[in-house]
Each structure stands twice: as structure tokens, then as C-alpha cells.
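Working notes, structure below.
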Amino acid sequence: MPLFRYQAIAASGEMVSGEMEGMTQEIVIDALHRLGHVPLRADPAGGRLSWGTALRLPLTRPKRLNLALLTQQLGILLQAGLPLDRALEIALRILTGEAERTALRNILDRVRGGSSLADAMADQPALFPAFYVGMVRAGETGGSLDATLRHLSEYLEQVRSAREQVKSALVYPVLVLATGMASITVLFGFVIPSFRPLLEESGKAPPASAQIVLAISDIVRDGWWIMLLAVIAVVVIVRRQLRVPAFRRYRDQRLLALPVAGDLVVKTEMGRFCRTLGTLLKNGVAPLTALSITHGALTNLALRGALDGVVDRVKEGKGLAEPLAQAKAVPPLVVDLVRVGEETARLDDMLLKIAEIYDEETRRATGRLLAMLVPAVTIGLGIIVALVVGSILTAILSVYDLAM
């Protein structure tokens, strides 16, 4: 019988994982529900990363579902009074992406078969995050699915807007870097080799700097395929290693230690943590379950590890502010505002306010970093070109005794 590796949240709010036998993924998920768990994922166990999978670039991956658009449409249709299956059917006609239509068609079939919307979405963890499924489940339980979907739509739109702003800001630096790298490649591959006959005819050995430049030129011109294979090998190795939690945790720890990038990562993760937790609490998800889902939604494993003990200490009745204060990675501002939210019994609103503060700080820090990136790339490429040209000119002057 096939073996599935699962991850779920127990009724106590604790994250549980393990392996379970079942003929299909649906059977395993149903079994987890009978145990009182909230399933997050159930994947076939024993799968290995093949070379074909490791070499697959992001452009070849299946297109990710546009959750913001789908959520908005479902919320509007349900608010208009349509039953869930009818709303899903209409949304299926509106969507144009093949990945979106396939996912929604599977969900519609499950719903018509008697499944809840949350259970149908939980069957596709690659498309529907755990916090999304948790909010939908809370909305169905509380009879406010349309309002929950509206809140989800607003949240996803804010996340998408922030991501698009960063992408737009990166366009110019990437173009500058690509143009500069192309110029350096042309310089080493075609321009520098044209000076070799001139230097060899003189009969004198060029300076060491010129010899280094000529050697690099030979590598670029004659060994470009070796460099290409080396880049591909590095990409494959890194992609394989990123599947190892220990390697990812080490990488994330080093990232947090960087002067500027580390602070930016902390602000980004704290904004995501507070917004997700606040949104879950506002839509009726149990605090322990919401905290477990939010903890699992953090992408930085080092920061996630620093918050590992928060759920356990919250179970002991210590609130949220005190456990967060004991996690050294959490900024003091978050702890103070969470404590205020607990004292005023408005923790969900305060968490969303903290998220707004950190989202704004993240946008400002990202803007400053990107504003510095273009001059840094331009200066760096200019220095490389100047060193190369200077080395060749020095060699020409020295071998022909024209320095005087």
C-alpha cells in the first residue's frame, strides 16, 4: 500500500508530522480528519529528486494559481447569494489560466461529492497555503465564508502589490547588470584577444596584470562551455542542498547575520507573521491553531527555529507577548505592541497594525537598497573595465618602451 508523509495541526494546536499508509491522498486526508487533525499536506513518501527535476528552471514550473483573483471572485459570488458549487462553476468559466481551471475543476468535483471547500483545497497544498485553508475552514465553520474570502482577498492583494513593487524596482538594476556583464564578456572574448598578436610580436613578456587578463580572456573564449557546465553544476547542487533542512537553516542564519539584508529579512518575516496571525484570529481560527499555522508559514528556517518554543509557552497560559519576548529574534516593537493588544483584548487588530508598520518599513528599506544597487553595480563594472583596459595599455607601453 502506498505510504504518504503528512503534516497536520492537532486539536491542541501542536504541529504533528509522520507517515501513513493509504490507497490515495484523499484517504489519508480523511483519516487525519477523523483523528481530529487539520491536514496541511500529504505527499507520497520516498520520492527522490531526479536530475531532470533539479535542472528544471522556474520558467518550466506549472503556473501558480492566482489566489487573489480567485478569492475575490468567489467572495463576490457568495455574497450575491449563490450556493458554493454554483459560485465555483461560474468562477471556473471566468478564469483563463490552465492551472487555475484544473485546480478549480478538482475542487468543484470534491465539493459536489460532499467535501467541504477547505478539505478540497487542502488536497492541493502546492496551490493553497496552510493559512489560506485554515481561514477557509474557519469561515465555513462560522458561517461567514463570504466575509472570510473578502478578508483573504484584501490580504493577498496587499502581498501581491508589495511583490510587484519590488519586481518593478528590480527591472532597471537587472538591466544594468545584464548589460554590464554582456559588455565584459565581449571585452574578454573578442577585444582582449586582438591585442595578443601585438604583444607577442614584441618578444617581451607582458606585465603580470596583463598576463592575468589574457589568461581570463582565454578561459572565456575557449573554455566558455566549461564555465557553463560549472554554473549548471552549481545550480543543481544548490537546488539539491536547499531541500536539506540543515543546509537551508545554515543559509538562513547567515542571511540574518548580514548587516542590511538581515534586518530586511526580519522585517519582512515579522510583517508576514503578524499579518497572517492577525487575519486568522480575526476570522475565528482558534489561537493555538492560528499560531501553529503562522509558525509554519515563515520561510526563514532560522527565524522559525527561534520561535519554536512560542506555541508550547502559549499553551501554558503565558499569553503571546512573553513567549515572543523570550525569542531573541523578535524585535522589541513587536513584543510591546502585542502586549498592548492583549491588555486591550484587541490582539487581532494590533497584529494587523504591526504588519502595516513593518510592511511600510520593508518598502522603505527595499527602496533604499535598490536605489543603492544601481550605482554600486555601475561603479563595480566600471572598475572592472578600467582595470582590464589599464592592464592592456600598461603592457603595450612597457613592451614597446613608450612609457617615457
Side-chain angles (χ1 to χ4, degrees), residues 8-9 11 13 29 33 37-41 64-92 94-95 100 103-104 106-108 110-112 114-125 127-162 271-297 341 345-356 359:
I9 297 176
I29 291 176
H33 280 305
H37 297 336
V38 178
L40 300 179
R41 60 186 305 124
R64 193 173 178 85
L65 181 66
N66 189 341
L67 276 180
L69 176 62
L70 174 62
T71 306
Q72 181 184 37
Q73 292 174 347
L74 285 178
I76 293 173
L77 293 172
L78 291 177
Q79 188 180 13
L82 293 178
L84 179 57
D85 60 339
R86 179 61 177 163
L88 289 170
E89 184 179 359
I90 295 176
L92 181 61
I94 297 174
L95 297 178
E100 300 170 355
L104 200 58
N106 294 335
I107 292 173
L108 178 59
R110 288 289 308 277
V111 169
R112 285 177 171 172
S115 173
S116 67
L117 180 60
D119 290 341
M121 289 179 172
D123 289 344
Q124 304 182 52
L127 298 177
F128 298 97
F131 82 91
Y132 189 101
V133 176
M135 286 186 61
V136 170
R137 192 181 306 281
E140 288 182 305
T141 304
S144 58
L145 182 58
D146 54 345
T148 300
L149 290 174
R150 287 200 304 272
H151 292 152
L152 265 173
S153 175
E154 295 172 0
Y155 168 74
L156 294 172
E157 183 60 30
Q158 290 172 348
V159 173
R160 188 199 64 81
S161 177
R272 180 183 296 114
F273 176 86
C274 293
R275 184 174 297 281
T276 304
L277 181 58
T279 305
L280 289 169
L281 293 176
K282 201 172 189 66
N283 284 273
V285 179
L288 289 175
T289 302
L291 190 57
S292 298
I293 292 175
T294 305
H295 176 267
R346 297 183 60 185
L347 180 58
D348 51 356
D349 293 331
M350 186 58 68
L351 286 168
L352 294 176
K353 186 62 179 178
I354 298 172
E356 292 179 5
D359 287 347

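Remember, predicted model here, so these are calculated numbers, not experimental data.
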What is the minimum heavy-atom distance between [X] and [Y], and which atoms define it?
X	Y	answer
L78	A87	CD2-CB, 4.0 Å
L281	A290	CD2-CB, 4.0 Å
E140	A118	OE1-N, 3.1 Å
G271	D359	CA-OD1, 4.1 Å
L149	T71	O-CG2, 3.1 Å

Taking atom [atom1] of [X] and atom [atom2] of [Y], what is their separation to the nearest 0.5 Å?
X	Y	atom1	atom2	value
K282	L347	NZ	CG	10.5 Å
C274	M350	SG	CE	11.0 Å
R272	T294	CZ	OG1	11.5 Å
L145	L74	CG	CG	8.0 Å
L352	R275	CG	CZ	6.5 Å
Q79	D146	CD	CG	6.0 Å

* To do: Could you check I107, I90, L108 and say which one makes a side-chain contact (heavy atoms from CB on, under 4.5 Å) with D85?
  =>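 By the side-chain contact (heavy atoms from CB on, under 4.5 Å) criterion, D85 pairs with just one of I107, I90, L108: L108.
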Is [Y] close to [X] at the side-chain level, that is, under 4.5 Å between some pair of heavy atoms?
X	Y	answer
L88	L92	no
V136	L152	yes
Y132	T276	no

Checklist entry - Got more than 12 heavy atoms from elsewhere within 6.0 Å of CZ, R112? => result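 More than 12 heavy atoms, drawn from other residues, nucleotides or ligands, come within 6.0 Å of this atom.
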Item to complete: Apply side-chain contact (heavy atoms from CB on, under 4.5 Å) to R150 and I76, showing your working.
Response: CA-CA 8 Å; R150 287 200 304 272; I76 293 173; over 6 Å; no
